[in-house]
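All remarks here apply to the structure that follows.
Sequential numbering from 1 along the given sequence is applied to the chain's residues.
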Amino acid sequence: MTTRFTAKPQLTYKGRMERHSDTAWLIWSNKWGCWYRANSAGYTSDIAQAGIYTKEEAATHYDGPDVPRRFRDTEPFPISAARRHIDLCARDIDRTYIQQMANIARLYAAMEEAA
């Protein structure tokens, strides 16, 4: 399986709120390595269970570009970045599936030869 599912998307921090016009946002907790649930009611590593926030709500979790990475507790992500992230996860799973099916076919062929 892909480890992308439990990681945050890769997106430049500086100017994030200004660069993206998305109205729906997710919030990542760097402290816990998880997504905020709806209404900031806990955390989840499952992006499908993450809360969806308005841009205004997400902006309250953006420290701005001058805050060093090690001091950023939370990071907002536009839903478009989450969508790209999920697409990459799907691609990884497709590749893994194809590789595993090829391995299974080789195993069946080896068993046929041995029988």
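Looking at residues two or more places apart in sequence or on another chain, you find a side chain to side chain contact (heavy atoms under 4.5 Å, CB included) between A24 and I52, I79.
A heavy-atom distance below 4.5 Å is not found between the side chains of Y43 and W35.
Across all their heavy atoms, A50 and T44 have their closest contact at N-CG2, 3.8 Å. Closest approach of I47 and A82 over heavy atoms only: CD1-CB, 4.0 Å. In terms of heavy-atom proximity, W25 sits nearest to P78 at CE3-N, 3.2 Å.
Between the side chain of K55 and the main chain of H20, a donor-acceptor pair closer than 3.5 Å is present. Side chain of Y53 to main chain of S40: a donor-acceptor pair is present (N/O by atom type, distance under 3.5 Å, no hydrogens or angles). Between the side chain of D46 and the main chain of A48, a donor-acceptor pair closer than 3.5 Å is present. Formation of a donor-acceptor pair under 3.5 Å by the E57 side chain with backbone atoms of T54 is found in this model.
F71 and I27 fall into different hydrophobic clusters, where Ile, Leu, Val, Met, Phe, Trp and Tyr are joined by side-chain heavy atoms under 4.5 Å apart, directly or via other members. Tracing side-chain contacts under 4.5 Å through hydrophobic residues (I, L, V, M, F, W, Y), one never reaches I93 starting from I98; they form parts of separate clusters.
Here the straight-line distance linking atom CH2 of W32 with atom OG of S45 works out to 13.5 Å at 0.5 Å rounding. The NE2 atom of H61 sits 5.0 Å away from atom OH of Y36, with the distance rounded to the nearest 0.5 Å. The line from CG of D66 to NZ of K14 is 7.5 Å long, rounded to the nearest 0.5 Å. Here CH2 of W28 is found 10.5 Å from CG of L26. Values are rounded to the nearest 0.5 Å.
Residue pairs that meet the side chain to side chain donor-acceptor pair (under 3.5 Å) test with at least one member in residues 105-115, sequence neighbours left out, are N103-R106. The side chain to side chain donor-acceptor pair (under 3.5 Å) pairs that include a residue from residues 70-84 are K8-E75, R16-E75, D22-S80, N30-E75, where partners are two or more places apart or lie in different chains.
The number of heavy-atom neighbours closer than 6.0 Å to CG of D87, taken from other residues, nucleotides and ligands shown, is above 12.
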